[in-house]
Amino acid sequence: MKGNRMVAVKWLLIILGMVLGIFTPWKYQVVDMAALLLGYAACYELKWPRFQVLLESLFGGLAMGLGLQVMIAYGMKNQIIPMIIAPLLTWLVLRIIFYGVETRYTLTPIPALSDPTDSDGEQPQQSGHSAWSGDTSGKASMAGADGRYMMYHFFCKSEICMGGPTYGDAVFTNGCAFMGVGPSIALSDDGRYAAMTLPSRGAWEIQLADLQEKILYKPEGVDSLWEIDRIEEGIIYGRYSPLTSNAATSISIAEIIEKSEKQCLIEDDGWWVEDYPERKPFPKYGAVSVMSRQGTHRVTFVPDLKPFRDNPFNRSSHPLYTVLVDDEMLGVETGFPSAHWIDGLSGEPVEEGRFLEVGRGIIDFRDPEKNVFDIQKHTELLLKECDEHTHLHQSPEIEDLGEGKILVKYKVMPRSVGWNEAEVTYSSTTYPHDENSVKYWDADGKQQHQERTLVEQHVEYIIDLPKYSEMQDPRNCTEIKLINRANPAYKAQLVYQNDLHVGRLYAAYTCITSCGLTLENVIHEAIWSHCGRYLAVVHFESPPKVPSKISIIDFETVSVRDIPGSYALPSFIWFDGNMLQFTHVVGLEESITYGPGKFESKMMRLTELEHESNPYDLLIGSVDIRRTKLDNVAESKLSQTGYASASVNQVSQHCILFAPDFDQPMLQPPLDVSK
C-alpha cells in the first residue's frame, strides 16, 4: 500500500507540473526548475531519497508542460515545423541538464548507470565525469614509483553541436598532453595508464596513454565509450551513449594494446604530445622590440605567458602583449607584436617617432601644450572609414609615406542582399565579395546564368597624421583613392568638400579623374567596371533628400552619363559591360511581436505621398524616434504571462540596370518569382 501511495503522489506531481508548465511564463519556470535542481542536489547530502523522487516527478511535469507551451505557441502562429522541432529541443536540453545533476546526486540506484556486477553481485561505484562536463580534473589513487601522484586537468574547448558532448585538451602532471579528447578521463590506480574518449559526430573512439613509457594506443574495432567511469584491475569501465540506452560496457587494457598500433609520443619544448604529419612545433613567444627610424625611441612588446604554463595547446593563439615605450608602460595591450614608427613634422625639423602605429590604431606622443615628446601625455587616433554609409574593411598593412603621412588600404564591403528575394529586410550589413556563379533576370524577364571571377573593390586612404591630430576630423585630413585593379592607367580620387556632410553618415567629395573630368558633390560610394573603363558614382544630397542619383564616367570617351531614375542610398555589387547591379532602400518596416501568434508589421515606402518629399526623415532622421515609440507600444502590450518586442529596419531592393542605356531596372528576382 505504501508503494502505491508513492506512485500516486508521483503522478499527481507530474500532472501538477504539466499544468504549471503550460500556463506559467517560461522565465518563471527557469527559476522554478533551478530551485528544483538545487533541492534535488541538497537531498543527496541530507539522505532524503523519497523527497528526491518527488522533486524529480515535479521537474519532469514542468518540463513536459513547458514543451507543450512552446508547441501551442508555434501552433497559434501556424508554424508547423517549429511547432514540432522546438518542443523536442526543449525536452532534450532539459533532459541533458537533469541527467548531469542526476548522475552526480541521485540516491536511487539506476540500472542504466550501473556497471557490470562482479562475482559477488556488488556494483562498484561510478567515479567518472559526464561527457557534458566543463573543465575537470582527476588524480590517481596511489603514488607511482617516484612517490608522486599522477594528476590531470581537462580544459574544455567546445562542444559537438549546440548542447552536445564537450571536448578539449587533457594535460597530465608528467608533461603528457592530448587534444580533442572528452572530459570522461580515468587513471589507473598507480597513474600509469589514462583512458580517454574521442568524441565525434559519428562513431566515438577511445585512446589509452601509457604515461610512464610515453606511448599512445588507439584501438580499432572495439566498443566505443561515451563516458569512462574508472580503471580497475586492468579493466576500463564505462558507458555507451547516455542519450539512448546508456548501456554499461568495459574493455581491458590488454585488449586495447593488442588491437592498437604502438605510437610513441614526441617531446616538444618540455611537453609530450602526439605526432602527426601536419603538426607544427609549439611556437615560442618572447619580447619583441621595434626601434624608430634613427633609434631615438623603442617600443617593446612583453607577452603574457601564464596561459601557456598549464596548457601548451594555447600557444596556437598569440598571447596578450603589454606595450612599453622607452621602457615605460603605455597602458595599452595588443594581441600581436607589430608596430611602426612614423615621423611627424613641426615646422621645418622632423619630429623623430612622433607617431606609433600599433593594434590598428595610431598613438601621438606629442604633448600639445609643451610641444615635446611625452609618453604619458599621448593621444590615440582611431583609423576608421570617413563615412559610415560606406562599409570598409581595413587591411593590416600601413605604409609610411613620409612627412607625417600614411597609406591605409581598405576593402569595400557592399551591403548584404537577399539573392533569392527582390526586397529584403536587412539582417546583416555587409558581405565581402560576389559569388562565383550567379543567376539573374535580364531586361526581358528571362533567367540567365553567369560565371563570375571574384572582383574585390579597394580604396586607399592617404592620411595626414599631424593634421588629423590637430583637427580630429578624418575627412579634412584624408585623400581617398579609388583603386582600379583592372586598368591602373585610369585613376580617380575623392577630395572632401569642407563642411558639406550629413553627420558621420556621408559627405560631399570632388571626384578628380585622370581623364580630365571632375565631378563635384559625389559621395564615397563608387565602383569600377570589371574592365576598368567605367566608374559609377553616387551624387550627394542634403536633407530632406538622400543620395539617389547615379552617374557613370566613361574614361575612354571622356564623358559622363547620368542614369535615369531615383535609387535611395544605393550600394553597388557588380559592374561589367552589360549590367550595373546594386541595392537601394525602398522604405522601412516596423514590426512588433507581443505574445504567441500575435505579430504586426507595417511597411512604409518612399513612393507613398507622405514620405515622397522627405526621404531623409523616413530612412534616417526619424528611425530612432520610431524605434523608441514602437518599443513603448510593445512594452504597453506586454502581459504578465507573455512577451513583446519591436524592431524598425530598412527594406532594400535588389536590381540590375542593363547596358547600353541603363534605363530599365529589373528586380532580382522579380517580385512574382521571389515570393
Side-chain angles (χ1 to χ4, degrees), residues 388-390 414-429 440-445 502-503 505-506 521-523 525 527 536-552 561-574 579-592 599-630 633 646-658 661-675:
E388 292 179 357
H389 181 70
T390 300
R415 287 181 295 186
S416 63
V417 62
W419 291 103
N420 297 320
E421 298 178 86
E423 292 184 358
V424 61
T425 302
Y426 285 141
S427 57
S428 61
T429 55
Y440 69 91
W441 280 258
D442 61 21
D444 298 324
V502 181
L505 291 174
Y506 55 88
N521 296 337
V522 300
I523 66 172
E525 184 72 26
I527 185 173
V537 296
V538 180
H539 292 264
F540 176 87
E541 291 283 0
S542 297
K545 298 181 179 180
V546 295
S548 57
K549 180 183 176 182
I550 300 173
S551 292
I552 297 178
R561 172 182 295 183
D562 293 333
I563 292 178
S566 178
Y567 307 98
L569 302 175
S571 181
F572 298 122
I573 300 172
W574 179 265
M579 65 176 73
L580 175 62
Q581 184 177 4
F582 60 95
T583 66
H584 65 105
V585 184
V586 296
L588 287 184
E589 183 181 50
E590 293 182 346
S591 59
I592 181 171
F599 176 82
E600 295 178 0
S601 64
K602 178 184 179 183
M603 176 68 179
M604 293 161 288
R605 295 184 177 274
L606 289 172
T607 53
E608 296 173 357
L609 185 61
E610 58 181 309
H611 306 302
E612 195 173 23
S613 61
N614 192 354
Y616 180 87
D617 180 67
L618 175 65
L619 301 182
I620 299 173
S622 67
V623 171
D624 290 338
I625 298 175
R626 292 178 183 276
R627 186 171 289 117
T628 300
K629 288 182 178 179
L630 207 60
V633 173
S647 62
V648 179
N649 296 296
Q650 288 183 340
V651 177
S652 65
Q653 195 174 78
H654 178 200
C655 64
I656 291 179
L657 296 175
F658 292 95
D661 298 324
F662 297 103
D663 60 347
Q664 295 182 2
M666 173 61 69
L667 299 188
Q668 301 295 313
L671 284 173
D672 56 345
V673 175
S674 61
K675 292 182 179 179

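As the structure is a prediction and not an experimental result, all values here were calculated from the model. Numbers for residues simply follow the sequence, beginning at 1.
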Review point. Which heavy atom of Tyr506 sits nearest a heavy atom of His389, and at what distance?
Key: CB-CB, 4.1 Å

**Study point:** Side-chain heavy atoms of Asp562 within contact of Lys549, under 4.5 Å
**Key:** yes

Review point. Are Thr583 and Ser571 close enough that a side-chain donor and a side-chain acceptor fall under 3.5 Å?
Key: no

Review point. Can you check whether Val546 reaches Val502 side chain to side chain, under 4.5 Å on heavy atoms?
Key: no

Revision key, fill the gap. All heavy atoms of His611 vs all of Met604, minimum pair found to be NE2-CB, 3.8 Å

Review point. Can you name the residues that form a ring-ring contact (aromatic ring centres under 6.0 Å, His included) with Tyr567, not counting sequence neighbours?
Key: Phe582, His584

Check your understanding: Got a sec: does the CD of Gln664 have more than 12 other heavy atoms crowding it under 6.0 Å?
Key -> no

Exercise for review: Kindly indicate whether the side chain of Tyr440, heavy atoms from C-beta on, has any atom under 4.5 Å from the side chain of Met579.
Suggested key: yes

Revision key, fill the gap. Nearest heavy-atom approach of Phe658 to Ala443 is CE1-N, 3.5 Å

Point to revise | Side-chain heavy atoms of Leu606 within contact of Leu619, under 4.5 Å | key: yes

Practice item. Side-chain contact test, heavy atoms from C-beta onward, threshold under 4.5 Å: evaluate it for Arg626 versus Leu618 and give yes or no. Key: yes

Check your understanding: Roughly how far apart are Leu657 CG and Ile563 CD1, rounded to 0.5 Å?
Key -> 5.5 Å

Exercise for review: Could you walk me through whether Gln650 and Leu588 pass the side chain to side chain contact (heavy atoms under 4.5 Å, CB included) test, one step at a time?
Suggested key: CA-CA 5 Å; Gln650 288 183 340; Leu588 287 184; 3.7 Å; yes

Check your understanding: Do you know the tightest heavy-atom contact between Glu423 and Gln653?
Key -> OE2-NE2, 3.2 Å

Review point. Mind checking whether Val586 and Met603 have side chains closer than 4.5 Å, heavy atoms only?
Key: yes

Practice item. Just jot down the side chain to side chain contact (heavy atoms under 4.5 Å, CB included) partners of Ser542, sequence neighbours excluded, or say none. Key: Leu500, Phe540

Check your understanding: Once you round to the nearest 0.5 Å, how far does CE of Met666 lie from CD1 of Ile656?
Key -> 9.0 Å

Exercise for review: Mark yes or no for whether Ser551, through its side chain, and Val537, through its backbone, hold a donor-acceptor pair below 3.5 Å.
Suggested key: no

**Study point:** Approximate separation, where rounding is to 0.5 Å, of Ser647 OG and Ile592 CD1
**Key:** 9.5 Å

Exercise for review: Compare every heavy atom of Asp617 with every heavy atom of Ser622, then report the nearest pair and how far apart it is.
Suggested key: OG-O, 2.5 Å

Point to revise | Intermediate values then yes/no, side chain to side chain contact (heavy atoms under 4.5 Å, CB included), Thr390 and Ile523 | key: CA-CA 9 Å; Thr390 300; Ile523 66 172; over 6 Å; no

Exercise for review: Looking only at non-hydrogen atoms, find the nearest pair between Pro669 and Ala422 and report the distance.
Suggested key: O-CB, 2.8 Å

Exercise for review: Output yes when a side-chain donor or acceptor of Gln668 lies under 3.5 Å from a complementary backbone atom of Trp441, and no otherwise.
Suggested key: yes

Practice item. Salt-bridge test for Glu590 and Lys629: reply yes if a basic N is under 4.0 Å from a carboxylate O, no otherwise. Key: no

